Number of protein chains: 2
Amino acid sequence: MSAEPTTDPIALPDPPTDLSQVPVDLSQMSADQLLRLDSQICFSLHAASRAFGGVYRVVLKGLGLTYPQYLVMLVLWEHGELPVKQIGEHLRLDSGTLSPLLKRLEAGGLVRRERSSEDERSVTVHLTDAGADLRAQALRVPHRIVAATGLPLAEISTLQTLLRRVTAALDAAELDTACPDTTDQDAATP
Amino acid sequence: MSAEPTTDPIALPDPPTDLSQVPVDLSQMSADQLLRLDSQICFSLHAASRAFGGVYRVVLKGLGLTYPQYLVMLVLWEHGELPVKQIGEHLRLDSGTLSPLLKRLEAGGLVRRERSSEDERSVTVHLTDAGADLRAQALRVPHRIVAATGLPLAEISTLQTLLRRVTAALDAAELDTACPDTTDQDAATP
DNA sequence: CACATTTCAGTTGTGCGCAATTTAGTTGTG
DNA sequence: CACAACTAAATTGCGCACAACTGAAATGTG
């Protein structure tokens with residue numbers, strides 16, 4: 001190959017294939033199109049998620065919270081004390097993620113964990129005074145985030161609707177893991 | 001405190017505030033509205049990203065790849081051999097993420113890393129035969145993912161356009177980190 | 001009542017993402 | 001030529017996400 005790394009033009013984040021120009025029937029697409037398309041779907045979501053994370057990281061640094069810790073605090077501010085299990089249901093996170101995260105929040109003095117007396121298996125997470133007080137500072141966060149997205153609220157609404165729809169569909173699809181191909185897949189070099 | 005954890009109704013993923021019913025002027029919104037809005041924005045993207053990851057994990061298990069490893073392979077299949085730096089520019093990942101990831105791909109026999117003779121600092125990543133061959137199997141992936149999203153291509157296109165727009169805006173916004181409030185922010189109990 | 005099953009938190013291990021630092025090689029300037 | 005400034009990759013450290021497992025407590029069934 002005649003690749004000249006040092007002279008190469010700048011590598012753009014991704015190729016600009018216009019999806020609206022692409023055949024609606026997936027089985028009509030070429031192998032190249034398929035892999036490019038895929039690259040765009042998964043990558044754009046991946047990149048968007050990380051870009052959001054980056055902005056939140058900057059904004060939340062003032063509160064001493066990470067992005068997932070902020071999500072947990074949002075749930076607690078809205079619902080008050082909750083067992084770990086229910087925090088996990090709100091955020092779709094399991095104890096493997098929440099246990100150490102809550103331990104850090106407790107070490108930071110924002111929450112307190114107590115074994116439930118009714119069910120000794122369950123641990124209820126309470127806000128401390130400091131944790132409750134932090135909400136006042138958190139009120140400034142959303143405005144800065146919305147501003148950073150550069151989108152009007154109407155488009156944020158559209159984005160959110162689509163994201164929820166995709167998430168619901170993906171969560172449902174995860175159940176039939178061993179899904180075989182419903183169509184004849186002979187695109188791969190016959 | 002009348003909470004009865006064992007009898008509580010199922011905790012839904014998130015409250016259903018309708019954004020289109022909310023004042024367009026951010027400064028008109030109540031503190032509660034703002035925090036709920038933020039909770040929705042950040043959570044829906046976070047959740048969507050993880051839901052995608054879950055589906056990819058299942059589909060990619062057959063190829064022996066993780067989700068980020070698949071992204072790297074997509075770049076290599078499309079562009080051929082590339083220096084680490086340029087892979088990182090395509091995916092917005094730094095060497096801290098890519099170095100160990102590429103080491104694993106190399107251990108798996110999919111890529112080969114070679115110091116560039118022109119610039120001894122640079123490492124060029126090549127596909128091995130096995131790595132190139134894996135592309136044939138990867139051709140089946142996109143169809144299964146698109147099917148799992150449950151969305152028609154037109155909506156995927158809309159979603160992608162919005163995600164790209166948000167990402168671009170967020171990346172740009174990250175530059176002015178110390179952004180002071182442009183509006184009078186007196187919502188937080190002065 | 002005894003015993004299998006289920007449920008909840010927690011732990012372990014792997015991999016990713018990012019900040020900060022290190023090491024080696026390149027380039028710019030006097 | 002010498003030396004500062006820059007660059008690429010790797011490394012270290014921390015936190016998150018998830019699978020797999022452990023241990024304790026509750027529940028179900030014979």
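Values in this document were obtained by computation on a predicted structure and should not be read as measured data. Each chain gets a letter, A, B and so on, in the order the sequences are listed, and its residues count up from 1.
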Within the 4.0 Å heavy-atom criterion, would you say [X] contacts the bases, only the backbone, or no part of the nucleic acid?
| X | answer |
| --- | --- |
| B:Leu93 | sugar-phosphate |
| A:Thr66 | sugar-phosphate |
| A:Leu101 | sugar-phosphate |

Nearest-angstrom distance from the residue atom [atom1] of [X] to [atom2] of [N]:
| X | N | atom1 | atom2 | value |
| --- | --- | --- | --- | --- |
| A:Leu170 | D:dC18 | CG | C1' | 17 Å |
| B:Asp119 | C:dT27 | CG | P | 7 Å |
| B:Asp94 | D:dA10 | CG | P | 12 Å |
| B:Leu102 | C:dG17 | CG | P | 12 Å |
| A:Arg113 | C:dA9 | CZ | P | 11 Å |
| B:Leu65 | C:dG15 | CG | P | 13 Å |
| B:Glu114 | D:dA9 | CD | P | 14 Å |
| A:Leu98 | C:dG10 | CG | P | 9 Å |

With distance as the sole test, does B:Thr161 use its side chain to make a donor-acceptor pair with the main-chain N or O of B:Ser157 at under 3.5 Å?
-> yes
Main-chain N/O of B:Ala51 paired to A:Arg92 side chain as donor or acceptor, under 3.5 Å = no
Would you kindly compare A:Ser95 and A:Tyr67 by the position of their nearest DNA chain D nucleotide and give the one closer to the 5′ end?
->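 This one resolves to A:Tyr67.
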When A:Ser117 and A:Leu71 are each assigned the nearest nucleotide of DNA chain D, the 5'-most assignment goes to A:Leu71
Any idea which of [options] is nearest the [X] side chain?
| X | options | answer |
| --- | --- | --- |
| B:Thr97 | C:dA9, D:dC18, C:dC18 | C:dC18 |
| A:Ser122 | D:dT11, C:dG25, C:dA9 | C:dA9 |
| A:Lys85 | C:dT26, C:dC8, D:dA9 | C:dC8 |

Any [X] side-chain N or O less than 4.0 Å from OP1/OP2 of [N]:
| X | N | value |
| --- | --- | --- |
| B:Ser99 | D:dA10 | yes |
| A:Lys103 | C:dT11 | yes |
| B:Arg115 | D:dA9 | no |
| B:Arg92 | C:dC18 | no |

Want to settle it: does B:Pro68 or A:Lys61 sit nearer the 5' end of DNA chain C, counting the closest nucleotide to each?
->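 Closer to the 5' end of DNA chain C: B:Pro68.
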Starting at the 5' end of DNA chain C and moving along, which residue's nearest nucleotide shows up first, A:His46 or A:Val84?
-> A:Val84
Of all heavy-atom pairs linking B:Gly131 and B:Trp77, the shortest is O-NE1, 2.9 Å
Pair B:His46 + A:Phe52: ring centers closer than 6.0 Å =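 No: the rings miss the under 6.0 Å criterion.
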Could you please spell out the steps behind the salt bridge (charged side-chain N to carboxylate O under 4.0 Å, His left out) verdict for B:Arg115 and B:Glu120?
-> CA-CA 6 Å; B:Arg115 286 270 158 203; B:Glu120 289 285 342; 5.6 Å; no
Check if the side chain of B:Arg121 and the base of D:dT7 share a donor-acceptor pair of N or O atoms closer than 3.5 Å.
->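 Result: at least one qualifying N/O pair found.
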Which of these passes side-chain contact (heavy atoms from CB on, under 4.5 Å) with A:Gln69: A:Leu110, A:Leu63, A:Leu101?
->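 For A:Gln69, the side-chain contact (heavy atoms from CB on, under 4.5 Å) check succeeds only for A:Leu101.
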Once you apply the 3.5 Å cut-off to both distances, tell me the Watson-Crick or G-U wobble partner of D:dG30, or none.
-> C:dC1
